[in-house]
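What follows is a set of notes on a single structure, which appears directly below.
The chain is numbered in sequence order, starting from 1.
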Amino acid sequence: MDTKTKETAEKRVKEGWIRTAMMIEVLAVSENASKSALEKHIEKLENEEGVIVYKKNFHPVEKVEKPLPNVETGFSCVAEIEIVAKNFDKLVYIVMNYAPSSIEVLEPEKIVLDEGEAQGILNSIADVLHRFAAAGLGGVLIQT
């Protein structure tokens, strides 16, 4: 990343934005597809409003034997990134829509949510559950 982007990220942290480190992994059927898909995924994240990706490191693509029950060979690519997000609601959105394998909050030490932000987060989670159910991918089971 360029120096200006990192300086902007540091300025935002001082304004209350949240600094995190994430790992995002992609598994595909070809080496090229794996790398290309991950690069596009990170590029899309870089264009999100309220997010600054200030550091990214792409690992070499690795061949994986039997990554899934019906898949003989796959190709995995991992990116380590560091971002700042405007608020916790935006960070939850990123986790739900970009599916990092892991996430570590680096700053601040303590995060305080107001009622509106907490409500926004809960509504975002509810929305994802309803989209999964509508797509036939699952939902919440209730007992009667």
- request: Assess whether side chain to side chain contact (heavy atoms under 4.5 Å, CB included) is satisfied between E46 and K56, documenting all intermediate values.
  value: CA-CA 11 Å; E46 289 175 308; K56 56 186 175 180; 2.9 Å; yes
task: Just do the salt bridge (charged side-chain N to carboxylate O under 4.0 Å, His left out) check on K86 and E49 with the steps written out, would you?
output: CA-CA 9 Å; K86 186 174 184 175; E49 189 174 324; 5.9 Å; no
query: Does the side chain to side chain contact (heavy atoms under 4.5 Å, CB included) test come out yes or no for T20 and I18, once each step is laid out?
result: CA-CA 6 Å; T20 65; I18 302 167; 4.0 Å; yes
message: Determine whether F75 and L27 satisfy the following criterion, side chain to side chain contact (heavy atoms under 4.5 Å, CB included), listing intermediate values before the conclusion.
response: CA-CA 5 Å; F75 294 86; L27 181 68; 5.8 Å; no
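- Follow the hydrophobic side-chain contacts under 4.5 Å out from V105 and you never reach M23; the two are in separate clusters.
- Salt bridge K55/E80: absent, no basic N to carboxylate O contact under 4.0 Å.
- Using a 4.0 Å cut-off between charged side-chain N and carboxylate O, R19 and E82 make no salt bridge.
- In terms of heavy atoms, L38 sits closest to C77 at CD2-O, 3.5 Å.
- In the model, S76 has a side-chain atom that pairs as donor or acceptor with a side-chain atom of E25 under 3.5 Å.
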message: Test side chain to side chain contact (heavy atoms under 4.5 Å, CB included) on I83 and I52; report intermediate values, then the result.
response: CA-CA 5 Å; I83 71 164; I52 300 171; over 6 Å; no
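- Under the 3.5 Å distance criterion, with hydrogens and angles disregarded, a donor-acceptor pair is assigned to the side chains of E48 and Y98.
- Pairing each heavy atom of V26 with each of A37, the nearest pair is CG1-CB, 4.0 Å.
- Cluster annotation: V64 is not connected to V61 through the hydrophobic network of ILVMFWY side chains, with a link wherever side-chain heavy atoms come within less than 4.5 Å.
- Distance OG/S36 to CD/E43: 9.5 Å, rounded to 0.5 Å.
- Cluster annotation: V53 and V78 are assigned to distinct hydrophobic clusters (Ile/Leu/Val/Met/Phe/Trp/Tyr, side-chain heavy-atom contacts under 4.5 Å, transitive).
- Remark: D127 CG to R131 CZ distance equals 4.5 Å, nearest 0.5 Å.
- Between V128 and N97, every side-chain heavy-atom pair lies at or beyond the 4.5 Å cut-off.
- K90 places no side-chain N or O within 3.5 Å of a backbone atom of V84 that could act as its donor or acceptor partner.
- Other cluster members for L122: none, since no ILVMFWY side-chain heavy atom sits under 4.5 Å from it.
- Heavy-atom minimum distance, I111 versus F88: CD1-CD1, 3.9 Å.
- To the nearest 0.5 angstrom, K63 atom NZ is 13.5 Å from S34 atom OG.
- When atom types are taken as modelled, the side chain of N123 and the backbone of Q119 share a donor-acceptor pair closer than 3.5 angstrom.
- With a 4.5 Å cut-off on side-chain heavy atoms, K14 and K11 do not count as touching.
- Taking a cutoff of 4.0 Å between a charged side-chain nitrogen and a carboxylate oxygen, E15 and R12 qualify as a salt bridge.
- For H130, the NE2 atom counts as loosely surrounded, since its 6.0 Å shell holds 12 or fewer non-hydrogen atoms of other residues, nucleotides or ligands.
- The closest side-chain heavy-atom distance from I24 to I81 is below 4.5 Å.
- Although no hydrogens or angles enter the test, the distance criterion places no donor-acceptor pair under 3.5 Å between the side chain of E104 and the main chain of M22.
- Within a 6.0 Å sphere centred on CD of E107, other residues, nucleotides and ligands contribute more than 12 heavy atoms.
- Heavy-atom contacts from other residues, nucleotides or ligands closer than 6.0 Å to CD of E65 number more than 12.
- Remark: side-chain polar atoms of S124 are paired, donor with acceptor, to backbone N or O of G120 under 3.5 angstrom.
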